[in-house]
Amino acid sequence: MSWSFKAALFDMDGLLLDTERVGMDVFRGLMAAYQMSAPEAEALYRDVVGTSFANTRARVIQAVPHVDIDA
C-alpha cells in the first residue's frame, strides 16, 4: 500500500496544550461583568464547549438575555 500526503493536521488542544482552562478563565471573567457567578459561568462553559456555534449562541442568549450578544 502506498500513501501520498499533501498535508497533515494535528489537533494538540487538550493533549499538549490546555487552552480549555484559559478559555474558561476568560469566559468566567466576561460573565462576571454581566453579574453571573463563577460557578454558573463554569457550568455554562462546560455545557457549550465542543458544541456548535449555534448551540453556544443560543445557550448564552438564554443565560444572559439582557445582553446584546451581537454587540
A.B. asks: Could you grab the distance from atom CG of Asp68 to atom CD1 of Ile61, nearest 0.5 Å is fine?
C.D. replies: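 One finds 9.0 Å between CG of Asp68 and CD1 of Ile61.
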A.B. asks: Quick check: do Asn55 and Arg57 have side-chain heavy atoms less than 4.5 Å from each other?
C.D. replies: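 No, side chains not in contact.
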A.B. asks: Ring-plane angle category for His66 and Tyr34, please: parallel below 30°, perpendicular beyond 60°, tilted otherwise.
C.D. replies: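 Aromatic pair His66/Tyr34 classed perpendicular.
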A.B. asks: Could you grab the distance from atom CD of Glu42 to atom CE of Met24, nearest 0.5 Å is fine?
C.D. replies: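 Reported value, rounded in 0.5 Å steps: 5.5 Å.
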A.B. asks: For the hydrophobic clusters of this structure (ILVMFWY residues joined by side-chain heavy atoms under 4.5 Å, transitively), does one cluster hold both Val48 and Val26?
C.D. replies: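 Different clusters.
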A.B. asks: Identify, with sequence neighbours excluded, every residue that meets side-chain hydrogen bond (donor to acceptor under 3.5 Å, both in side chains) alongside Arg59.
C.D. replies: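 With neighbours one apart ignored, the set is Asp47, Gln62.
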A.B. asks: Are Ile69 and Val64 linked, directly or through other ILVMFWY residues, by side chains that come within less than 4.5 angstrom of each other?
C.D. replies: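 Same cluster.
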A.B. asks: Minimum heavy-atom separation for Arg28 to Ala41, with atom names?
C.D. replies: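 Scanning both residues, the minimum pair turns out to be CA-CB, 4.0 Å.
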A.B. asks: Report the residues that fulfil side-chain hydrogen bond (donor to acceptor under 3.5 Å, both in side chains) with Thr19, sequence neighbours left out, ordered by chain and then residue number.
C.D. replies: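 So Thr19 forms a side-chain hydrogen bond (donor to acceptor under 3.5 Å, both in side chains) with Asp13.
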A.B. asks: As an exercise, state the distance from CZ of Phe27 to CD of Glu20, rounded to the nearest 0.5 Å.
C.D. replies: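 Rounded to the nearest 0.5 Å, the CZ-CD separation comes out at 12.5 Å.
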